[in-house]
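Because only heavy atoms are used, hydrogens play no part in the values below, and waters and symmetry mates are left out as well, while side chains stay in. Chain letters run A, B, ... following the sequence lines, proteins first and then strands; every chain starts at 1.
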Amino acid sequence: MIAQLIEAARRRADGGADALWRRGERTTVAFEWGRLKSAGASEEAGANLRVRHHGRVGVAGTTATAAPPDELVGRALASAALGEELDLVFPALGPLPPLTTCFDRAANASLDDLIGIGRSLLAGLEREGCRVNVAVERETTATRVANSGGGSGEYRSTACGISADVWRIAGDDVLVVSDALEGADVPSDEALAALVASINARLDHALRVVEPPEGALPVVFTPAGLSALMLPVTQAWSPRSTRGSITRCASSNHPKVPSPSSSPPPGCPR
Amino acid sequence: MIDRLTAALARSRADYTEIRVERTWSTAVSFRGRRLESATASEDQGGFVRALHAGGGWGVASFTSLDRLDAMVERAGELSRTVPVDPPIRLGAVPPHQADALLDLDGDVRGVPIAEKKRLLEACNGAMLGVSDRIVDTLAVYRDEVSEYWYVNSQGTVLHELRPDVTLSGTAVARRDGTIEKGLESIGMRRGWNSVQDKAPGFRAVAERAVELLDAPMVKGGTYPVILDPELAGVFIHEAFGHLSEADFVYENPQAREMMTLGRRFGKPVLNVGDNGAAPGLRGTLPFDDEGTATQDTTLIKDGILVGRLHSRETAAAMDERPTGNARAISFRHAPIVRMTNTYIAGGRGSFEDLIGDVKLGVYACGAFGGQTMLENFSFTAAYGRMIRDGRVAELVKDVVLAGNLFQTLDRIDHIAGDFRWNQMGGGCGKAGQFPLPVTEGAPHVRIEEALVGGDVGP
């Protein structure tokens with residue numbers, strides 16, 4: 001598809017074009033409140049096109065990959081009509097940098113492997129009076145890029161995301177401690193053990209409740225606690241964030257598994 | 001499409017199967033300052049299958065190529081079989097529905113050129129920039145989408161819907177020397193192009209307030225009677241209480257279930273709270289949720305007592321209650337989970353003046369800049385505030401941060417006015433990686449007899 005896209009764009013855009021095509025598959029397992037609850041698979045393909053026309057740049061994306069390339073080109077040109085004036089050079093084919101993005105262990109991990117990771121985390125986090133949620137996710141993607149200058153490339157990549165949270169509710173007092181791992185490969189046993197130890201250590205600390213002092217006092221922030229300090233800044237960047245992902249109780253019930261490679265390119269629909 | 005989906009359903013070997021397919025056209029335009037930052041149009045399509053075998057967990061599969069429909073139905077069934085769940089998942093009973101619901105597009109945004117959308121946003125952005133040379137930056141964003149939606153399940157429900165959504169938002173940043181203030185405007189509707197015309201005055205007003213705040217003093221920190229305006233009261237009830245009323249928080253957690261026991265008193269008899277997915281014309285409104293359950297008005301707190309919660313079919317069955325039409329997904333990439341729709345504090349009696357009449361010294365907190373809910377504890381930043389002195393609204397103050405414990409704060413709501421309104425804003429709700437889900441909040445003016453207000457605490 002990507003060659004057809006570039007060819008269609010080359011015919012209609014006077015300043016060149018580049019395109020990205022990506023196909024991804026994701027497998028997920030979720031343990032809710034201590035028990036395995038669901039397993040999922042997803043397949044997704046999409047393309048993103050950037051064109052330069054009359055000195056202006058426009059972008060368009062689609063997951064309707066069977067649609068005629070001219071449709072996507074038309075939308076990218078409409079975007080370019082209002083787009084930024086930019087000198088954009090589309091480089092010719094050159095050597096690609098040696099970079100490992102795909103790990104066999106992650107690519108070949110079976111559903112049972114992912115369930116096994118989840119069970120090992122559950123075993124390390126279970127304790128009296130607490131409930132545990134765990135999510136494990138593995139993704140493989142194939143990506144192709146090309147441009148009207150003759151440049152092109154393709155690569156495969158893998159990603160794994162693991163998250164866990166432990167809830168302790170006593171009367172009206174709700175405590176939740178969570179952590180997550182993300183990377184291109186399946187995490188090692190040591191990394192999983194460190195995640196368990198991190199949650200357990202923080203839970204132990206949090207269970208020792210003391211009355212906070214009142215008044216104007218020096219405050220020391222942990223790295224994680226710095227988010228509170230940064231809140232006004234992040235809110236300034238993202239107006240109306242109050243109903244966003246900062247809602248702790250909302251985001252922890254079904255843990256979100258970060259998937260570093262799943263973000264589409266700018267303009268590509270989600 | 002429906003024939004294709006029902007044929008795929010017929011081939012499923014699972015005990016329960018549902019399929020959703022969506023096709024979405026969307027546009028986004030944004031300005032930063034006087035510069036057009038982006039103008040894009042996208043098209044997104046795909047499907048989602050969820051299958052359940054007796055004794056199995058959920059098997060789910062999503063895809064972007066309809067050619068893969070049959071394979072993904074088969075895959076979802078296989079995944080369900082590989083996840084044994086004990087006790088088994090049950091689904092609350094829902095009558096099968098067949099409906100073709102095309103919501104009022106009120107000017108189909110798909111027929112409006114992107115250049116027109118740019119002109120509309122440029123007028124709103126220009127209204128902010130034109131207020132004063134103290135306005136040093138703006139961000140203005142226009143988004144629209146129309147989704148065509150198909151849903152079928154193996155219990156006979158067949159739905160086809162056309163769902164519009166349009167939002168306009170703006171931030172004005174005012175600066176004088178080292179002092180920076182901002183004003184926010186946000187409009188969101190489940191309608192179309194006609195509904196967002198002539199909105200520039202609202203953008204101008206927030207820019208004017210940002211300039212005004214440059215000279216306003218910080219509120220003095222302390223404990224005050226606090227009156228929330230309808231916008232902040234709506235955000236408060238959504239964030240601080242609404243998420244706790246989502247049944248997936250409690251249905252398999254005995255401790256959470258005890259905390260949210262029906263019949264527990266949460267507030268004074270003036271307090272009535274609900275969630276209404278069937279309220280006409282709001283962003284959280286849809287005729288059916290993403291499990292094919294008809295939406296409804298669900299009372300959560302009646303006369304101060306917890307009487308209800310929000311359910312999917314699964315949570316309803318697990319708690320021997322009835323589905324409420326609150327299983328929602330932000331797109332075909334996600335499973336439906338329990339979500340709010342249009343959440344509200346019901347109107348009470350009297351006017352705003354009645355709320356402040358006997359307040360000697362208090363704070364009137366208006367609008368919402370942001371906030372954080374840490375389970376039963378919350379903190380919200382109001383967009384601005386005004387002191388209340390001797391029963392009258394007095395000087396403008398800034399940096400009004402409300403903090404407290406949900407249960408204590410709900411119990412301290414002692415007066416609710418009769419001036420209810422829905423806050424039709426953009427943005428959305430986030431949960432479990434599904435953001436932004438269109439929702440609306442509504443409330444009248446609400447008085448908290450005593451609340452902690454953060455601010456200037458002096459040397």
Side-chain angles (χ1 to χ4, degrees), chain A residues 29 32-33 35-46 58-66 75 78-79 81-84 111 129 131 167 169-174 176 215-216 228 231 235-236 239-251 253-257 267-270, chain B residues 26 36 39-46 57-65 68 75 79 82-83 85 114-115 118 169 171 182 184 186 235 238-239 243-244 248-249 252-253 255-256 259 333 337 368-376 380 407 425-433 435-436 457:
Chain A
V29 294
E32 289 179 22
W33 306 122
R35 64 175 184 159
L36 180 59
K37 191 64 176 294
S38 65
S42 72
E43 297 178 358
E44 178 159 351
V59 296
T62 187
T63 50
T65 51
R75 279 196 277 123
S79 169
L82 303 171
E84 193 172 12
L111 187 66
R131 294 280 171 147
W167 291 65
I169 300 175
D172 287 348
D173 183 31
V174 184
V176 59
L231 190 61
Q235 284 175 1
R240 299 288 177 197
S241 64
T242 182
R243 295 184 299 172
S245 56
I246 56 174
T247 305
R248 189 73 188 143
C249 68
S251 60
N253 200 7
H254 297 262
K256 176 188 178 186
V257 177
C268 198
R270 296 208 59 149
Chain B
S26 60
L36 178 72
T40 59
S42 299
E43 185 177 333
D44 196 15
Q45 66 169 37
W58 286 113
V60 300
S62 69
F63 51 95
T64 52
S65 170
R68 298 283 295 154
R75 180 80 175 125
L79 289 167
T82 60
V83 183
V85 172
I114 197 166
K118 177 203 161 199
S169 63
T171 306
K182 66 181 177 187
L184 305 180
S186 180
V235 172
H238 172 105
E239 284 294 349
H243 283 295
L244 294 179
D248 52 354
F249 170 63
E252 288 186 336
N253 188 329
Q255 291 86 10
M259 185 174 79
R333 293 175 175 83
I337 56 175
F369 265 176
Q372 192 157 14
T373 308
M374 289 294 287
L375 306 163
E376 80 277 32
F380 290 112
F407 302 103
M425 301 188 295
C429 175
K431 175 176 174 179
F435 172 81
V457 292

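In terms of heavy-atom proximity, A:Trp33 sits nearest to B:Asn253 at CZ3-ND2, 3.3 Å. Summarising the geometry of A:Ile169 relative to B:Ala256, their closest heavy-atom pair is CD1-CB, 3.4 Å, with the distance given to 0.1 Å. Residues A:Ser38 and B:Val83 share a closest heavy-atom pair of N-CG1, 4.1 Å. Taking all atoms of both residues into account, the shortest heavy-atom contact from A:Arg75 to B:Ala41 is NH1-O, 2.8 Å.
Residue B:Phe407 touches chain A through its side chain alone, counting heavy-atom pairs closer than 4.5 Å. A:Leu36 touches chain B through backbone and side chain together, each having a heavy atom under 4.5 Å away. Contacts between B:Ile114 and chain A at a heavy-atom distance below 4.5 Å involve backbone atoms as well as side-chain atoms.
To the nearest 0.5 angstrom, B:Thr64 atom OG1 is 8.0 Å from A:Glu43 atom CD. Note: B:Met259 CE to A:Asp173 CG = 9.5 Å, rounded to the nearest 0.5 Å.
Looking at B:Thr40, its side chain never comes within 3.5 Å of a backbone N or O of A:Ala60 through a donor-acceptor pair. Side chain of A:Ser79 to main chain of B:Ala39: a donor-acceptor pair is present (N/O by atom type, distance under 3.5 Å, no hydrogens or angles).
With sequence neighbours left out, B:Glu252 forms a side chain to side chain donor-acceptor pair (under 3.5 Å) with A:Arg35.
Per-residue heavy-atom pair counts under 4.5 Å with chain B were compared for A:Asp172, A:Thr65, A:Leu82, and the maximum is reached by A:Asp172.
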